[in-house]
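The structure appears below as structure tokens.
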Amino acid sequence: MTVHDLIEQLPASLLCGDATKDISVEGGYACDMLSWVISKIEQTDVWLTIQNSANVIAVAALSECACVLLTEDVDMAPEVLERARDKSIVVLTTSLTTWQASARLANLLGTI
């Protein structure tokens, strides 16, 4: 699955980044504790979170995760999205709760 597939099938909306690239998605990681995410997330994971600060972009860049998925209709401030664009981070949002989005992602990936 790619990030582009995820946008269509979850469903999610693109806030910033290039979702047309073949960014592979093989898993997901749902957590809001940034230090924990740094130590656990994989490069092919979607990071599901409600956090929307510049620190999220820093962690996403450091971990090189596939994308950030903001759940529960969380949005990001324009200046944070600009930082994400500068770092080539794909940021998505969905109205689903973190639990719902995690379950759907696992179903889409065939991991449940």
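Just so you know, residue 1 is the first one in the sequence shown, and it goes up from there.
Checked by atom type and distance alone, the side chain of Thr111 pairs as donor or acceptor with a backbone atom of Ala106 at under 3.5 Å.
Every residue meeting the side-chain contact (heavy atoms from CB on, under 4.5 Å) condition with Ser35, not counting sequence neighbours, appears here in chain and number order: Met33. Remark: Ala77 pairs with Glu79, Val80 by the side-chain contact (heavy atoms from CB on, under 4.5 Å) rule, at least two apart or across chains.
Atom OG1 of Thr94 is separated from atom CZ of Arg104 by 7.5 Å, given to the nearest 0.5 angstrom. Once rounded to the nearest 0.5 Å, the distance linking OG1 of Thr2 with CG of Asp5 reads 3.0 Å.
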Enumerate donor-acceptor pairs with a distance under 3.5 Å from any side-chain N or O in residues 6-20 to protein atoms, sequence neighbours excluded.
unit_1 : atom_1 : unit_2 : atom_2 : d
Asp18  : OD1    : Thr20  : N      : 3.0
Asp18  : OD1    : Thr20  : OG1    : 2.4

Could you list the donor-acceptor pairs under 3.5 angstrom formed between side-chain atoms of residues 84-92 and any protein atom two or more places apart in sequence or on another chain?
unit_1 : atom_1 : unit_2 : atom_2 : d
Arg85  : NH1    : Leu81  : O      : 3.4
Arg85  : NH1    : Glu82  : OE1    : 3.4

Result block: side-chain N/O donor-acceptor pairs under 3.5 angstrom for residues 60-72, not counting sequence neighbours:
unit_1 : atom_1 : unit_2 : atom_2 : d
Ser63  : OG     : Val59  : O      : 3.0
Ser63  : OG     : Ala60  : O      : 3.3
Ser63  : OG     : Cys65  : N      : 3.4
Glu64  : OE1    : Gln43  : NE2    : 2.5
Thr71  : OG1    : Thr98  : OG1    : 2.7

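Exactly one of Thr49, Val46, Ile41, Leu48 qualifies for a side chain to side chain contact (heavy atoms under 4.5 Å, CB included) with Tyr29. That residue is Ile41.
The stretch residues 20-47 participates, sequence neighbours left out, in no salt bridge (Lys or Arg N to Asp or Glu O under 4.0 Å) pair at all.
Closest approach of Trp47 and Val56 over heavy atoms only: CZ3-O, 3.4 Å.
Val37 and Trp99 are not part of a single hydrophobic cluster, where members link through side-chain heavy atoms under 4.5 Å apart.
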